[in-house]
Amino acid sequence: MNGIQEVGGSIPPGSTKKILGFFLKFKLSDKNFWLIHVFNGFILTLPILLVYVAMGLSFGFLAIDNGISPLNAILMSLLIYAGTVQLVGIQLIAIEASIFSILLTTFIINSRFFVMSSSIGRFLNKFKLYQRFLYACQLTDATFAIHTVRFSQFNPPKLELFTTNIFGHVVWVISTTVGVYLGGRDYNFDSLGIDFAMPAMFIGLLLPLVLTKIHLLICVIAGTLTVILYLIGFSYWTTLTSTVITILIGLYIFKWNKT
Amino acid sequence: MEQNLILYTIFGMSLITLLIKVIPAILVSNYKIPDYINKILEFVPLAVLSSMVIQFIIIDDGELNLSFTNEFLWASVPTLIIAIVFKSLFATIFVGLLSIIFIRYFGIF
């Protein structure tokens, strides 16, 4: 009884219940209410799933092209689950780079997750320890952005959050698998514009986060710093460095704005 | 590289990635965070995403490119407009793909 009120209040548009009820032809009670969370999670993730399919397919192709065995390519998507690192990783493996330099590059490219993980950590204090662990394992750029919006609106149900994470991971692994088995043939994905899917996704994820003039200012500062740092030669360190400098400037602006 | 060696490399990469993703989240969620730290963590999503978008769209082959040869930069203009107007992730990605295909087939002007 209490349960249904609690979760019922947290569902944004009431239409989900209607749509789901229409398709499933049964009454939603508090016993099968979890379906709504799974469905909500799926709908939320749908746009990024499409991008994951495109990226996963092309990753599978490239992995085979660069001499990675099918099993290893699939394991990469399953165990690493970070697109940029995987793409750079297979190129480094192909040129026989040392393991140390591959691991160092992995660390540098993923260093931006230090700040992202800390940021999302603010919201996880009601999670049990193993849930925090599982949740953080499946953190990606896209789910981070989507969940930040969700957490700032209300307290989203755990089931919805884990659904988006698991759907993302499963789709990433499956599309890699398909890419691996279709691989070795001559396709030209670039003419379809698939390589722009990721930048377009990030633009779409960024905009809903910009709510005030201060937010806009933060974006401009981060963008400007990124260009400067990249030109100086920070390469893979650029994202982390510009983020750290930006949030420190942001703190200063925030304090100055208050007094 | 031999496939076995690649496998060990993948294990290493996986371990590093997981540690980076997991440790900060567990540490931050375990302690009461002072207000000002909370405030700067709020800016993280904006800063990270802006930085990544900028790197995607104005850096072409490792160099700053603001000319008409940079397809991503010009495809991001309609994409950004749609993102601002509709605030819909799906519409943004869709228009983004349409713009890049259009630019590749017909040129920018």
Side-chain angles (χ1 to χ4, degrees), chain A residues 47 51 68-69 72 75-76 79-80 82 89 93 96 99 102-103 106-107 110 112-122 124-125 132-133 136-137 139 145 148 193 196-197 199-209 215 218-219 222-223 226-227 230-231 239 242-243 246-247 250-251 254, chain B residues 1 3 5-14 16-18 20-29 33 36 38-59 64 72 75-76 79-80 83-84 87-90 92-93 95-97 99-101 104:
Chain A
V51 177
I68 317 280
S69 75
N72 277 344
L75 278 176
M76 269 181 117
L79 299 174
I80 303 174
I93 288 170
E96 309 256 327
I99 293 186
I102 295 175
L103 295 183
T106 304
F107 179 81
N110 275 342
R112 66 178 191 282
F113 280 109
F114 276 121
V115 277
M116 284 156 69
S117 174
S118 316
S119 178
I120 208 81
R122 291 176 294 153
L124 301 181
N125 42 21
R132 289 175 203 179
F133 177 79
C137 283
L139 188 68
T148 300
F196 192 64
M201 176 177 80
F202 284 128
I203 293 173
L205 290 170
L206 173 63
L207 260 292
L209 293 168
H215 289 171
I218 294 287
C219 294
T226 301
V227 177
Y230 192 89
L231 290 180
T239 312
S242 74
T243 302
T246 307
I247 58 179
L251 181 65
F254 176 70
Chain B
M1 220 189 259
Q3 293 302 332
L5 196 59
I6 296 178
L7 185 64
Y8 297 134
T9 314
I10 293 171
F11 285 146
M13 291 167 80
S14 169
I16 289 175
T17 308
L18 287 179
I20 297 175
K21 285 181 185 177
V22 167
I23 290 174
I26 288 188
L27 284 182
V28 170
S29 57
I33 314 288
Y36 68 98
N38 236 331
K39 201 68 215 171
I40 61 174
L41 288 178
E42 219 180 282
F43 293 138
V44 166
L46 295 161
V48 172
L49 287 172
S50 307
S51 175
M52 289 172 77
V53 167
I54 288 293
Q55 284 175 70
F56 267 121
I57 65 174
I58 73 167
I59 289 153
L64 188 70
F72 277 18
S76 66
T79 312
L80 195 62
I84 293 168
K87 290 223 161 43
S88 148
L89 186 52
F90 193 81
T92 308
I93 295 171
V95 170
L97 291 181
S99 328
I100 196 81
I101 292 170
R104 285 195 178 142

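Please read these numbers as outputs of a predicted model, since none were measured by experiment.
Using a 4.5 Å cut-off between heavy atoms, Phe56(B) touches chain A through its side chain atoms alone. The contact between Ser118(A) and chain B is made by backbone and side chain atoms together, counting heavy-atom distances below 4.5 Å. Both the backbone and the side chain of Phe133(A) come within less than 4.5 Å of a heavy atom of chain B. Neither the backbone nor the side chain of Tyr8(B) has a heavy atom closer than 4.5 Å to any heavy atom of chain A.
Between the CG atom of Leu49(B) and the CE atom of Met116(A) there is a distance of 7.0 Å, given to the nearest 0.5 Å. Between the CG atom of Leu139(A) and the CG atom of Leu18(B) there is a distance of 11.0 Å, given to the nearest 0.5 Å. With values rounded to the nearest 0.5 angstrom, Ile247(A) atom CD1 is found 11.5 Å from Glu42(B) atom CD. Here the CG atom belonging to Leu205(A) is positioned 7.0 Å from the CD1 atom belonging to Ile93(B), to the nearest 0.5 angstrom. Here the CG-CE distance, from Leu206(A) to Met52(B), works out to 11.0 Å after rounding to the nearest 0.5 Å.
Interface summary for chain B: among Leu103(A), Ile102(A), Ile99(A), Asn125(A), the most heavy-atom pairs under 4.5 angstrom belong to Leu103(A). Of the listed residues Ala75(B), Ser99(B), Gly12(B), the one with more heavy-atom pairs under 4.5 angstrom with chain A than any other is Ala75(B). Listed options Leu46(B), Ile100(B), Thr92(B) were ranked by heavy-atom pairs under 4.5 angstrom with chain A; first place goes to Leu46(B). Looking only at heavy-atom pairs under 4.5 Å with chain B, the residue among Ala222(A), Ala145(A), Cys219(A), Gly223(A) that has the most is Cys219(A). Comparing Ile16(B), Ile58(B), Val95(B) by heavy-atom pairs within less than 4.5 Å of chain A, the highest count is held by Ile16(B). With chain B as the partner, the residue from Leu231(A), Ile218(A), Thr246(A) showing the most heavy-atom pairs under 4.5 Å is Ile218(A). Ranking Ile33(B), Ile54(B), Leu80(B), Leu27(B) against chain A, the residue ahead of the rest is Ile54(B), based on heavy-atom pairs under 4.5 Å. Ranked by heavy-atom pairs under 4.5 Å with chain A, the list Ser51(B), Gly96(B), Ala47(B) is led by Ser51(B). Annotation: maximal heavy-atom pairing with chain A below 4.5 Å, among Ile23(B), Leu7(B), Ile57(B), Leu64(B), occurs at Leu7(B).
Contact check for Cys137(A) versus Val22(B): side-chain heavy atoms found under the 4.5 Å cut-off.
Shortest non-hydrogen contact noted between Lys87(B) and Leu207(A) is CE-O, 4.0 Å. When all heavy atoms of Phe107(A) and Ile20(B) are compared, the pair lying nearest together is CD1-CD1, 3.7 Å. When every heavy atom of Lys21(B) is checked against every heavy atom of Ser117(A), the shortest pair comes out as O-OG, 2.6 Å.
Proximity of a side-chain donor or acceptor of Ser14(B) to a complementary backbone N or O of Leu79(A) within less than 3.5 Å is detected. Between the side chain of Asn72(A) and the main chain of Gln3(B), a donor-acceptor pair closer than 3.5 Å is present.
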| message | Applying side chain to side chain contact (heavy atoms under 4.5 Å, CB included) to Val48(B) and Val115(A), what does each step give before you reach the verdict? | response | CA-CA 9 Å; Val48(B) 172; Val115(A) 277; 4.1 Å; yes

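With sequence neighbours excluded, the residues satisfying side-chain hydrogen bond (donor to acceptor under 3.5 Å, both in side chains) with Thr239(A) are Gln55(B). With sequence neighbours excluded, the residues satisfying ring pair (Phe, Tyr, Trp, His ring centres under 6.0 Å) with Phe196(A) are Phe72(B).
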